[in-house]
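Accompanying notes for the structure given below.
One-based numbering, in listed order, for ligands and for the atoms of each. Side chains included, hydrogens not; waters and symmetry mates left out as well; all remaining heavy atoms used. Note that the numbering runs from 1 along the sequence shown for the chain.
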Amino acid sequence: MSRDFIPAARPLIGSAERAAVDAVLRSGLLAQGAEVAAFEDEFARDLVDGRTTVAVNSGTSALHLGLLAAGVGPGDEVIVPSFTFAATANAVALTGATPVFADIRRDDYTLDPGHVASLVGERTRGIMAVHLYGHPTDMAALGRLAEDHGIDLYEDAAQAHGARLDDRPVGSFGRFAAFSLYPTKNMTSGEGGMVTTGDAGLARTVRLLRNQGMEARYANEIVGFNARMTDVHAAIGRVQLADLPERTKARRATAQFFDASLTGVGRPTVADNVLHVYHQYTVTIDDDRDGFAAALRDEYGVGSGVYYPTPVHRLPAFARSEQLPNTEWAARRVLSLPVHPALDDEDRERIVTAVNSLARAGA
Ligand SMILES: *Cc1c(COP(=O)(O)O)cnc(C)c1O
């Protein structure tokens, strides 16, 4: 390979993050403190229309603690997509509740409200919408369904910082939402997560659960975890939050270029009322997706990713036998191209040339 390899994902960490971390290290106050409090306030203001925001140590903790605080537990069912990262279903299972797997729509890879409706039963406690790849789920349809049945709607917004639906931000629809701040997500704190909610009682319970069940020191009210974010991580997250609008713009510009330039592969569909933040730019390859990915890498030096090759309900951890045709369809065909904000014009051109050449050769 004569040119630099273009990786599928590349976290951007600069001198501002290094300076912010250094300031925390010099202060000697490393654990959850003033930086975390400031990060929570800024995240609330910038991303979720001022909803209450509680920082935790991962997106998985945000899901887990949010579900526990919403009262989900043994005997309950929560409807989740199978076409997602396993953490979505793990968090449900870790509360003692049962994840019930619903199919997706082929156009945007998010929950199919019609199939979700067919799964609601006596034990259904809530629905977990996953805004996969940075594209919001159809929250209007799921909201009506939840209201009709008197159940909750939650959001896994791990991949969707800043995405909007009907000009309203993701993370502001559900009883609670969970964001991830893992390095490959649209913004990072190293590791970290955020719970956002309009329910003050739920927010208080999440705060208790993240800190051993304590509000006042050594006066533990409930049984809890240590799921705190550190000030070191919050310092990184605050810089990344300030940079997010510009980086989202870069992702969207790359997506627009791909939309206009890619031929011979299935391109993403985006509804008019949606602002997609392109955590992934995902195409579909009908024949031999894995061979296509290998050729992209070996012949053109272009990385790509398959999110996700095995539907969660088929993983050994869950081993369910239900048929979810659109989920199976997507798992065989999806391929995510580099769309991260570190790409330059030359990278974008190379990706398009590589994909179009391989698509032509395979046709
Ligand atoms: C990344 C991710 C999570 C988990 O977040 P972590 O911060 O890695 O724990 C959950 N759900 C989805 C859809 C994700 O992409």
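At a 4.0 Å heavy-atom cut-off, the residues surrounding ligand 1 are Ser58, Gly59, Thr60, Leu63, Thr84, Phe85, Ala87, Thr88, Val130, Asp156, Ala158, Gln159, Ser180, Lys185, Gly192, Tyr308, listed by chain and number.
Cluster note: Leu94 groups with no other residue, as no ILVMFWY side-chain heavy atom lies under 4.5 Å from it. Clustering of Ile, Leu, Val, Met, Phe, Trp and Tyr side chains at separations under 4.5 Å places Met194 together with Val36, Phe39, Phe43, Leu47, Val48, Val170, Phe179, Leu181, Met187, Met229, Leu241, Leu244.
Applying the salt bridge (charged side-chain N to carboxylate O under 4.0 Å, His left out) rule to Asp199 yields the partners Arg175; only residues at least two apart in sequence or on another chain are considered.
Donor-acceptor pairing under 3.5 Å is lacking for the side chains of Asn186 and Arg247.
Cation-pi geometry between Arg168 and Phe173 is met: the NZ or CZ atom falls under 6.0 Å from the ring centre, inside 45° of the normal.
In this structure, the ring of Tyr133 has its center no less than 6.0 angstrom from the ring center of Tyr278.
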